[in-house]
Structure formats: C-alpha cells, structure tokens
2 protein chains.
Amino acid sequence: MVALRPLQALRLWQQVCLAEVRGDMPDLTERQMAILLTVYLDPPPHTVRGLAEKLKVTKPVITRALDTMGAMKLLARHRDQRDRRNVLIRRTVEGALFVERFGDVVVANAAELPI
Amino acid sequence: MVALRPLQALRLWQQVCLAEVRGDMPDLTERQMAILLTVYLDPPPHTVRGLAEKLKVTKPVITRALDTMGAMKLLARHRDQRDRRNVLIRRTVEGALFVERFGDVVVANAAELPI
DNA sequence: TGCAATCGTTTCGGTACCGTATCATTACGC
DNA sequence: GCGTAATGATACGGTACCGAAACGATTGCA
C-alpha cells in the first residue's frame with residue numbers, strides 16, 4: 001500500500017514520461033510496456049494467447065510486439081517442447097537490465113516529489 | 001518525497017499500463033502524455049517552442065501532437081494577441097477531466113500495491 | 001486415419017507517427 | 001519600407017502500428 005496523492009501521481013508520471021521522451025532509449029508503446037512488464041513481473045510461463053487475454057487485445061498485437069521487442073533483445077521466443085503449438089516468451093539479460101533501469105527512474109522521480 | 005521501492009514502482013507502472021491498454025480510452029503516445037501533463041501541471045503560458053525545448057524534440061512533433069490531442073478536445077490552441085506568431089496552448093474541460101481521471105487511476109493502483 | 005480445434009503467424013489495406021526540409025506569417029531593427 | 005529573425009505549420013518519404021481475415025503447424029479426439 002503506497003499513499004500517493006493525485007497531484008503527486010500526475011507529477012510522477014509527467015517526470016518519468018519526460019525522462020523517457022528526452023532520453024535516447026528505444027521508445028516503447030504503452031502496449032509493449034504492458035507486455036514487457038507483465039513478462040518480467042508475473043510468474044511464467046507466458047504465451048501469446050495468455051498475454052492477449054490479459055491485455056484484452058488480439059493475438060497479432062502480441063505477435064507484433066514480440067517481433068519488435070525481440071529485435072531489441074528485450075525478450076525472446078521459445079517453442080514449447082511439450083506442445084509445439086505454443087510459444088513461450090522468455091526474459092533476457094538485456095530486458096532485465098532495461099526493466100531494472102526503468103524501475104530506478106521511477107523510484108528516483110518518486111523520491112523527488114514535493115509535499 | 002515518496003518512498004517507492006523498485007518492485008513497487010514497476011508493479012505500479014504495469015498495472016496502470018494494463019488499465020490503459022484494456023480500457024477503451026484514446027491511447028496516447030508517451031510524447032503526447034508528456035505534453036498533456038506538462039500543459040496541465042506546469043504554469044502557463046505554453047508555446048510550441050517551449051514544449052519542444054522541454055521535451056527535447058522538434059517543433060513538428062509538438063504541432064502534430066497538438067493536432068491529435070486538439071481533435072480529442074484534450075487541449076486547445078489560441079493565438080497570442082501580443083505576439084501573433086505565438087500559439088498558446090490552453091487547457092480544456094475535457095482535458096482536465098481526462099488528466100484528473102488518469103491521476104485517480106494511478107492513485108488507486110498505488111494504494112493496492114503489496115508490501 | 002481423418003478432422004476439428006487450437007496455437008501463433010502472416011497478409012491486407014488503412015492510419016498515425018517520425019525526421020528533415022521547406023513554407024507562410026508576424027515582429028523588429030535598420 | 002525592407003530585410004532579417006522567429007514563430008508555428010506543412011510537405012515529403014519512410015516506418016511502425018492497427019484491426020480483420022486468412023493462413024500453416026500442431027494437437028487430440030472420434
């Protein structure tokens with residue numbers, strides 16, 4: 001339970017967005033961000049279908065996001081050997097680093113919030 | 001000063017992203033979000049040039065974002081009568097409501113964070 | 001062995017955004 | 001007035017994403 005007042009929440013979001021926009025990091029879509037954080041925060045296994053249901057989007061949305069973030073090495077695909085129709089989404093070192101750094105940005109900006 | 005631990009920060013971001021993705025709200029780009037929040041949180045006046053400098057992006061980026069969000073009625077353009085070259089970006093009722101509701105989403109998700 | 005169901009992917013046309021360069025309008029100094 | 005500077009908008013080609021539909025691959029069941 002984190003007590004956050006509306007103005008603080010908005011200010012936090014603004015500062016983090018500004019940091020992301022100003023930086024030369026690869027800009028991720030809100031959907032891509034939701035997928036990435038879900039893969040790294042929720043327990044595996046993660047499948048295309050599962051993510052599509054969690055985000056309430058269609059499967060092609062997940063496939064395309066995996067294409068993009070896979071090219072960025074933020075996560076990786078892996079065929080499920082027990083049911084070769086499935087694709088398991090796995091974490092990568094680069095992705096873990098990216099997520100960790102992003103979390104630090106949020107924490108740092110939260111620490112500087114006034115009032 | 002808000003004490004937020006890395007895992008809490010990431011979980012918060014995930015939940016808010018999920019809420020936005022799942023909702024049928026108009027999805028805003030990270031840049032658009034940075035502009036919108038800056039207009040509504042920072043003191044006016046706001047100009048295209050000023051926003052471009054603050055976000056470290058080019059002016060067409062701001063112009064296009066204003067087009068998009070203007071069509072959504074999230075903010076409005078207004079010629080500066082003292083220097084008619086300038087365009088002043090003003091807040092709207094719809095935009096204020098949108099920002100307020102977004103802040104509430106963040107606050108609500110922060111309140112439900114574990115540990 | 002067939003055949004339907006499920007999985008993820010691909011294709012299609014359309015839309016939105018990007019960066020760069022250029023434009024029209026307005027202001028200001030000479 | 002006239003040229004220069006500054007503002008924001010636009011044109012252009014390119015890229016990425018979107019929703020809907022169709023597609024191969026794999027499974028499991030009759």
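Keep in mind that what you see is a predicted model, and the values were worked out from it rather than measured.
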Is the shortest side-chain N/O distance from [X] to OP1 or OP2 of [N] below 4.0 Å?
X: Arg85(A); N: dA25(D); value: no
X: Arg77(B); N: dA9(D); value: yes
X: Thr63(B); N: dG8(D); value: no

If you pin Thr68(B) and Thr58(B) to their nearest nucleotides in DNA chain C, which one's is more 5'? Thr68(B)

Can you confirm whether [X] sits close enough to [Y] that some side-chain heavy atom of one is under 4.5 Å from a side-chain heavy atom of the other?
X: Arg91(B); Y: Val39(B); result: yes
X: Met72(A); Y: Leu28(A); result: yes
X: Thr63(B); Y: Arg77(B); result: yes
X: Lys54(B); Y: Asp42(B); result: yes
X: Glu30(B); Y: Met33(B); result: no

So what does Arg64(B) touch, heavy atoms closer than 4.0 Å: a base, only the sugar-phosphate, or nothing? base

Tell me what Gln32(B) touches on the nucleic acid: a base, only sugar-phosphate, or nothing, going by heavy atoms under 4.0 Å. sugar-phosphate

Would you kindly compare Val48(B) and Val61(A) by the position of their nearest DNA chain D nucleotide and give the one closer to the 5′ end? Val48(B)

Atom-pair distance ([atom1] on [X]; [atom2] on [N]), nearest Å:
X: Ile89(B); N: dT7(D); atom1: CD1; atom2: C1'; result: 12 Å
X: Asp83(B); N: dG8(D); atom1: CG; atom2: C1'; result: 11 Å
X: Leu66(B); N: dT10(D); atom1: CG; atom2: C1'; result: 14 Å
X: Arg84(A); N: dT26(D); atom1: CZ; atom2: P; result: 6 Å
X: Leu51(B); N: dT7(D); atom1: CG; atom2: C1'; result: 14 Å
X: Lys59(A); N: dA21(D); atom1: NZ; atom2: C1'; result: 13 Å
X: Asp80(B); N: dA9(D); atom1: CG; atom2: C1'; result: 17 Å
X: Arg79(A); N: dT27(D); atom1: CZ; atom2: C1'; result: 12 Å

Side chain to side chain donor-acceptor pair (under 3.5 Å) between Gln8(B) and Arg11(B), worked out: CA-CA 5 Å; Gln8(B) 288 178 321; Arg11(B) 187 63 75 177; over 6 Å; no

Between dT27(D), dA9(D), dA20(D), which one does the side chain of Pro60(A) approach most closely? dA20(D)

Among dT27(D), dA20(D), dC17(D), which nucleotide has an atom closest to any side-chain atom of Thr29(A)? dC17(D)

Which pair of heavy atoms, one from Val105(A) and one from Ala19(A), lies closest together, and at what distance? CG1-CB, 4.2 Å

Walk along DNA chain C from 5' to 3' and tell me the first and last nucleotide with an atom closer than 4.0 Å to a non-hydrogen atom of chain B.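 Range of nucleotides within reach of chain B: dC17(C) to dA27(C).
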
